[in-house]
Amino acid sequence: MNNRLIGTFISASFFILISAFDAAYNLEIEIFNFLILSNIFFLLLQHILNKKITFELFFISFIILFIFTKPIAGFLTGDSTKYLKIVLFNSIDFDASRTKLILSIYVLVAHIATFIGIAFDNSRQSKISNHENTIFNAESIGLVNNIILITVFIIFIPIQISFVIFIFENGYLALFNSDEFWGLSMRDLLTRTLYVCIPIRFILEINSNGSTSKTLITILTIFIISELLTGQRGHAVLLLVAMYIYYYLKTNEEIALIRLFFYGFLSLSVIFFIDIVRSSEVSGSFLITALEGFGNPLNTHQIGFYFENELRDLQNSYYSLYGINDYVDRVLNPALNEVYLTRSSELLEISSYLGHKLTYLINYNSWLGGYGTASSFLLELYIDFGLPVSIIVLSLLIVCFKFLENFVRNNSSILMSLIFITFIQYLLFIPRGSISNFFPTLIFTLFVFLSIAISSLILQRLKNLLNKIYT
């Protein structure tokens, strides 16, 4: 039995004891908060001491970032209202027992993910195959992808610069009003294409060299910084994290603890800076302000629990499938695209996005103005099916992902690696996003990849034909 498994058993036992004592004695929220924070940080420590970059390490880190930073702020200031008062577009005092439940659910999920990860690590294959069993040639795919990547990137830069200027002049929320940026549709298409082509280039370089080229690093750096300047911090950071995990998955390297802490601190600092740029409102301690800002998804869950009956009354479809539902609606009825681009009573009626319903319930005018609470896949599942089913579905998703991870670790399939890098971003973002958005992203990703692969196949056949003619 390895140290990581022993540490996880100790952590899980501690969690069971906390839950049992709270059920028996209804612990004061301040005491419960201290104990549950100690528990999840002890679990995180097991992953840090493992000195491996893993999905579980980042999964728990994102849970702490989005769910536990308000409790941390409350612990540091001695003010429990920082995690008991809902402050998103309104002010509501939330029940302590239900806050305990939300925190407990995520600690439970973190332990389940850890045990699943240990089980797969203990059973994984040791032999790695570098053979690509496909009709597509990696070299040809790389050539076609490079042409598309460079071309799209050159077109993207001036449009992105204009977009950044637009954001700084009109504010981030201007995107949700009728006076939209002139090149928004074009920028969206180019950006989505780059979010596919950059990982393909990265996968090819890691699979062949175990490292990345200066050209790719330059393109990636410019792209990420430009995305951060527009306030698109989530997509940009998740892409970097997904590529980072992929690199260590393929190289199986250990990482120095000092470097790990440095990267974590640097990432949080950059995200906080973007928050300042977007809001221009910072009062009191920078640290407490940052913790409260990162922890807004906890308020999202609290609002969901507070209005759960109203949310079920407003439900027109499964919230947990909204990404699929909305995508199919827009494909079958293109006229709805205009409705989905602006906040209106019609959008509220047709969309199954939980974030729209939540913000409508807590402050309708704020929702019309472009504000939103975002959503959470676990919360969506809870409203749709109840708590037990939510935990089971999420656990099965993690199991499916670990099967994919093992396959990618032991094979050099470009397509499966691309799906891995795409899917992991949605899985990590569970505390403040919906996995159902993966479906339309996957459709677009497959379209771009297959276009590149088929073009590379035609190029390869043409090359072979020319070789036969001239030899």
Side-chain angles (χ1 to χ4, degrees), residues 11-44 60 62-112 284-285 287-312 354 358-359 361-363 373-383 386-388 390-391 394 430-432:
S11 181
S13 300
F14 185 37
F15 172 64
I16 292 172
L17 282 174
I18 295 171
S19 302
F21 270 98
D22 185 54
Y25 302 108
N26 190 24
L27 298 173
E28 292 292 329
I29 186 64
E30 292 83 2
I31 297 173
F32 179 88
N33 185 43
F34 171 74
L35 292 174
I36 208 75
L37 284 174
S38 301
N39 190 196
I40 196 163
F41 274 106
F42 180 80
L43 182 61
L44 178 65
I60 295 172
F62 273 86
I63 286 176
I64 292 174
L65 178 66
F66 293 129
I67 303 300
F68 287 90
T69 42
K70 278 186 181 290
I72 293 171
F75 171 74
L76 294 176
T77 61
D79 182 4
S80 61
T81 62
K82 291 194 178 297
Y83 53 91
L84 289 179
K85 184 181 286 291
I86 299 172
V87 294
L88 286 177
F89 321 122
N90 211 322
S91 181
I92 301 173
D93 292 322
F94 191 67
D95 181 53
S97 63
R98 308 210 83 184
T99 298
K100 290 178 183 179
L101 176 61
I102 294 168
L103 298 178
S104 298
I105 290 170
Y106 273 98
V107 174
L108 173 62
V109 168
H111 280 93
I112 290 173
S285 166
L287 175 60
I288 300 303
T289 301
L291 291 173
E292 290 186 283
F294 291 142
N296 280 333
L298 174 61
N299 276 173
T300 299
H301 289 75
Q302 291 169 319
I303 296 170
F305 275 72
Y306 189 86
F307 289 113
E308 63 176 284
N309 292 328
E310 290 84 349
L311 286 169
R312 292 190 176 106
L354 183 65
L358 284 174
T359 316
L361 287 169
I362 197 167
N363 194 317
T373 62
S375 186
S376 161
F377 184 62
L378 201 53
L379 179 59
E380 292 169 352
L381 287 173
Y382 171 75
I383 300 298
L387 186 56
S390 305
I391 301 298
L394 187 53
I430 276 176
R432 65 156 308 178

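Residue indices begin at 1 and follow the sequence shown.
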Hey, does [Y] have a side-chain heavy atom less than 4.5 Å from the side chain of [X]?
X      : Y      : answer
Ser80  : Asn33  : no
Ile92  : Ile362 : yes
Phe41  : Ile72  : yes
Leu394 : Ile112 : no
Asp93  : Leu84  : no
Leu361 : Tyr306 : no

Atom [atom1] of [X] with >12 non-hydrogen neighbours under 6.0 angstrom:
X      : atom1 : value
Phe14  : CZ    : yes
Glu310 : CD    : yes
Tyr106 : OH    : yes

Quick one: does [X]'s side chain have a donor or acceptor within less than 3.5 Å of a partner on [Y]'s backbone?
X      : Y      : value
Ser376 : Ile430 : yes
Asn39  : Ser11  : yes
Gln302 : Tyr83  : yes

> Are Val107 and Phe68 close enough, and set up right, to give a side-chain contact (heavy atoms from CB on, under 4.5 Å), and what steps lead you there?
Replying inline: CA-CA 10 Å; Val107 174; Phe68 287 90; 3.5 Å; yes
> Any salt bridge (charged side-chain N to carboxylate O under 4.0 Å, His left out) pairs touching residues 14-26, not counting sequence neighbours?
Replying inline: Asp22-Lys100
State, to 0.1 Å, how close [X] and [Y] come at their nearest heavy-atom pair, and which atoms those are.
X      : Y      : value
Ile391 : Val109 : CD1-CG2, 3.9 Å
Pro431 : Pro297 : O-CB, 3.8 Å
His111 : Ala12  : NE2-N, 3.4 Å
Ser104 : Ile36  : OG-CD1, 4.5 Å
Leu37  : Pro71  : CD1-O, 3.9 Å

Could you give the distance from [atom1] ([X]) to [atom2] ([Y]), rounded to the nearest 0.5 Å?
X      : Y      : atom1 : atom2 : answer
Thr69  : Ile63  : OG1   : CD1   : 12.5 Å
Ile18  : Leu35  : CD1   : CG    : 5.0 Å
Thr289 : Phe294 : OG1   : CZ    : 11.0 Å

Going by side-chain hydrogen bond (donor to acceptor under 3.5 Å, both in side chains), name the residues that satisfy it together with [X], two or more places apart in sequence or in a different chain.
X      : result
Thr359 : none
Asn309 : none
Thr300 : none

> Can you name the residues that form a side chain to side chain contact (heavy atoms under 4.5 Å, CB included) with Ala73, not counting sequence neighbours?
Replying inline: Lys82, Ile288, Leu291, Glu292
> Listed by chain and number, what are the side chain to side chain contact (heavy atoms under 4.5 Å, CB included) partners of Glu308, not counting sequence neighbours?
Replying inline: Arg98, Phe305, Arg312, Tyr382, Ile383
>> Given Phe94, which partner from the list Leu298, Asn299, Ile86 fulfils the side chain to side chain contact (heavy atoms under 4.5 Å, CB included) test?
In response: Ile86
